[in-house]
Amino acid sequence: MPLIVYSLFFISYINTFTMQQNSLAKAGILMLILVTASLVSWELYVRSKGYDTSFDDGPPLWANKRAQVYEPADKSTVFIGSSRIKFDLDIPTWEGLTGDHAVQLACVGSSPLPVLEDLANDVRFKGKLVIDVTEILFFSLAPPNLKNPKENIKYYKEQTPAQKVSFQINRLLESKLAFLDKDRLSLNAMLDKVRPASRKGVFVFPLFADGFGRVKYDRQEYMTEAFVADTNQQNIVRGVWKFLGEVGKEPPPTGGKLDTLFNMVKANVDKIRARGGKVIFVRTPSSGPFLAGENMGFPREKYWEQLLKATGTPGIHFADYPVIDHFQCPEFSHLSMPDAVIFTKEFIRILAQEKGWSFAKMPAVK
Amino acid sequence: MVFNSLTFVAFFIVMLILHNLPFSWKVKKINLLLASYVFYAAWNPPFILLLWLSTVVDFFVGRALYNQQNKHKRKLLLVVSLIGNLGMLCFFKYGGFILENFTSLVNLLGMDYHPAKPNIILPAGISFYTFTTLCYTIDMYKRKSEPVKSMLDFSLFVTFFPHLVAGPIVRPPQLVPQFETPRKATQQQLMNGLFLLSIGLFMKVVLADSMLAATADSIFGSAREPYGALDAWTGVLAFSGQIFFDFAGYSTCAIGVAACLGFVLPENFLYPYGAIGFSDFWRRWHITLSAWLRDYLYIPLGGNRKGKFRTYINLMITMLLGGLWHGANWTFVVWGALHGFYLWMEKIVQGFSRVKVIPISAAPSGEVGVLGVLPAPLKTKTFRNFLLAMVTFFFINVTWVFFRAPDFHSAWMLLKSMFNVYPKATPSLATLSIIKVGVIVVFMVAFHWLMRDTKVLSVAGKMPWWLVGLIWSVLILLLVWSQESSSSFIYFQF
């Protein structure tokens with residue numbers, strides 16, 4: 001209502017003061033006023049509803065981070081994997097304690113294998129690499145699980161100078177305006193929230209809760225405090241995992257298929273190590289029925305242990321460390337921000353004290 | 001860079017400021033030229049060398065063609081220009097396609113020949129600027145107009161950033177005279193330009209990218225699968241809307257941007273889905289290309305001056321090459337062939353009716369379309385004509401299947417799906433996608449029908465200014481709200 005009054009006031013104002021100008025000029029002025037007023041109102045409204053700035057986690061942001069993997073090995077660490085490492089690694093904690101720059105290249109709902117291959121074939125990459133293992137995604141070569149990483153890599157390789165400039169301008173806007181949240185507040189996202197039921201048999205991806213998966217500029221994801229406090233929102237996301245568990249009935253790979261996958265991983269890890277790089281696997285926490293399902297589908301001794309053995313690579317499994325083996329993930333699969341801080345601290349301690357990793361602020365313990 | 005990017009917004013603001021500073025006209029033209037090179041280099045800097053090569057060669061060859069008196073030497077110069085321009089186009093755009101077909105042919109003849117796949121990157125807009133420079137040298141050969149006196153003006157004619165990568169395809173007499181005298185947009189021109197730019201961006205970002213692209217991609221991406229008729233038609237209609245909003249959106253942006261700087265570019269789209277018949281469609285769809293093909297291919301082939309049979313053949317050759325111009329794939333050739341066939345049928349039907357299409361030679365200058373101007377009975381908005389327009393739209397949609405499908409198998413499967421050959425196929429599209437496509441396509445067709453004899457600026461000029469302001473605000477707000485990233489325009493790949 002105030003917007004209408006405001007607009008009517010300005011219509012009469014423009015009419016009086018722009019009599020001599022052409023009608024499109026007057027329309028242009030009205031448009032500027034209406035657009036400015038609407039966007040300011042919209043920004044205030046969404047902030048009042050608890051939205052904060054969140055970056056679009058699309059190929060431009062990924063490509064921006066991908067370009068950072070060439071920082072000196074003693075000053076940065078690269079992370080690849082699925083969404084868990086994006087939630088569970090608290091980047092400010094990591095960078096504060098280690099003095100290392102964390103380059104987050106994990107992709108939500110995806111296998112890390114295309115990114116591993118990309119890094120392995122990039123002779124300029126000689127740094128430290130942490131590979132997050134979420135079994136259901138890691139041990140899968142199903143095309144949908146490879147799609148996003150492949151698109152990101154393609155975008156990075158073909159990115160034009162104009163796209164790089166656009167990214168920097170967009171970054172400035174996204175860091176200030178909460179309504180520029182493509183996943184929750186874009187036209188399509190809003191239409192999705194009111195979508196009618198579809199015909200029987202149509203695959204429709206369920207919606208995530210609003211407070212899940214906000215993205216920071218460093219690509220860390222987090223769930224809002226409201227989400228952590230709201231079991232309704234958590235149940236929505238748990239429902240998404242259940243839905244995905246039911247539709248993705250591809251059996252875990254075994255035998256020759258699994259050996260092929262191990263060989264692929266080993267070949268890529270070896271390439272990185274041959275150049276002086278360091279690689280480690282990490283199994284980040286999950287809980288409840290999700291963890292039970294993972295243990296049943298991907299028994300640790302057949303998959304995790306075999307992965308470490310076949311590739312000759314060290315690994316850190318959350319279940320082996322009492323400080324981090326007890327987290328209750330709000331939606332069974334990702335850590336809340338306070339737990340991510342605890343996990344990150346312990347992860348750094350294990351890397352430095354048990355795995356011999358050194359960081360700018362933290363020399364290795366012999 | 002693309003119009004629908006924040007880089008372009010920054011670039012355009014700088015250009016507007018520079019163009020309105022009190023510099024000499026020559027300095028302003030140099031600014032425009034350098035800006036056009038920056039605009040192009042923002043994709044892939046090395047390809048700017050091709051643009052320079054094409055510009056320099058055609059400037060000097062064009063002048064020599066005009067001045068040379070010796071017939072043989074003139075022909076030789078024309079051949080040099082044609083080989084230079086078309087050779088470049090053939091190498092970059094059709095190199096892989098030619099090699100692939102050659103390989104298939106020799107394999108068919110029993111030879112075991114398997115060359116490595118060439119990795120050729122297509123320079124953005126090569127088809128457009130090649131046609132722009134080609135028409136200059138052909139005009140010089142025919143002495144249709146005077147050669148451009150200054151290298152600066154010629155370079156700007158070829159490179160002027162609003163039309164450079166996806167048209168409208170301009171002719172020398174349309175643009176070169178505009179560079180000869182100082183130009184600055186009047187307030188009216190500036191506002192018209194900004195309004196058109198807003199409409200163009202809305203068409204591209206909101207309608208093509210945000211609302212229609214995902215549905216079209218989903219159906220054509222798995223077109224080898226059987227679909228029910230509803231899914232198949234929704235996918236094809238989504239592409240029908242996407243290709244229009246994408247390409248007409250680009251042209252509208254280009255015309256708007258040029259207007260903001262004080263220049264006029266030719267219209268490229270006139271509500272093609274309101275067309276009655278296929279010759280009318282080609283008067284309204286990609287107008288500058290169909291005019292180019294008419295003047296530099298159809299008429300030189302003999303047009304309709306050499307009897308009925310040759311007219312039909314010339315028409316088909318024009319449409320086949322027009323199809324091939326769009327992409328190095330046989331599916332595009334079939335798309336062109338279908339349009340050629342439709343035009344044949346239309347001519348045959350017209351041969352039996354009292355309604356005669358005015359022959360091309362009688363068309364007044366500036367009229368476009370392969371066949372000539374629209375007969376008077378088809379100019380009225382009767383229900384019968386509306387039904388004819390819908391029949392035309394139906395057949396146009398059939399052609400889009402070949403245009404968008406990656407191969408013939410997919411195209412054939414999708415055509416069968418459209419005609420309900422697989423009624424028991426698993427439903428594919430969500431109800432929301434079907435609603436989005438349905439609403440947009442219905443509005444699009446209605447809009448094209450109602451607007452077919454007018455232009456958006458004329459309509460806006462007759463509306464109350466506050467209503468235009470309100471509509472303009474909605475367009476901009478939806479543009480911001482859609483939050484689509486700066487994706488390329490479909491026609492860049494052509």
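Just so we're clear, the structure is a prediction, and the values are computed from it rather than from any experiment. Below, chain A is the first sequence line, B the second, and so on; all start at residue 1.
Interface residue B:Val206: only side-chain heavy atoms are found under 4.5 Å from chain A. Heavy-atom distances place both the backbone and the side chain of A:Asp192 under 4.5 Å from chain B. B:Ala214 does not touch chain A: none of its heavy atoms, backbone or side chain, sits under 4.5 Å away. B:Leu479 does not touch chain A: none of its heavy atoms, backbone or side chain, sits under 4.5 Å away. The contact between B:Ser210 and chain A is made by backbone and side chain atoms together, counting heavy-atom distances below 4.5 Å. Using a 4.5 Å cut-off between heavy atoms, A:Phe167 makes no contact with chain B at all.
Options A:Val204, A:Ile169, A:Asn170 differ in how many heavy-atom pairs under 4.5 Å they form with chain B, and the most are formed by A:Ile169. Ranking A:Val194, A:Leu191, A:Leu173 against chain B, the residue ahead of the rest is A:Leu191, based on heavy-atom pairs under 4.5 Å. Contact tally against chain A (heavy-atom pairs below 4.5 Å) for B:Pro45, B:Pro464, B:Ser433, B:Ala430: the top residue is B:Ala430. In terms of non-hydrogen atom pairs under 4.5 Å with chain B, the most contact-rich of A:Pro196, A:Ala189, A:Pro59 is A:Pro196.
Here the closest non-hydrogen pair linking B:Trp481 and A:Leu185 is NE1-O, 2.9 Å. The shortest heavy-atom contact between A:Gly28 and B:Trp472 is CA-CZ3, 3.5 Å. Here the closest heavy-atom approach between residue B:Pro427 and residue A:Lys200 is recorded as CG-O, 3.4 Å.
Although no hydrogens or angles enter the test, the distance criterion places no donor-acceptor pair under 3.5 Å between the side chain of B:Ser482 and the main chain of A:Leu187. A donor-acceptor distance shorter than 3.5 angstrom exists from the side chain of B:Thr7 to the backbone of A:Ser166, with no hydrogens or angles considered. Using a distance-only test at 3.5 Å, with no hydrogens or angles considered, no donor-acceptor pair links the side chain of B:Gln188 to the main chain of A:Ala25. A donor-acceptor contact shorter than 3.5 Å is absent between the side chain of B:Ser473 and the backbone of A:Val35.
Residues B:Lys436 and A:Asn188 form a side-chain contact, since some pair of their non-hydrogen atoms from C-beta on lies under 4.5 Å apart.
We find the CD-OG distance between A:Gln163 and B:Ser5 to be 9.0 Å, quoted to the nearest 0.5 Å.
When each of B:Leu432, B:Ile434, B:Thr431 is checked for a side-chain contact (heavy atoms from CB on, under 4.5 Å) with A:Ser198, only B:Thr431 meets the rule.
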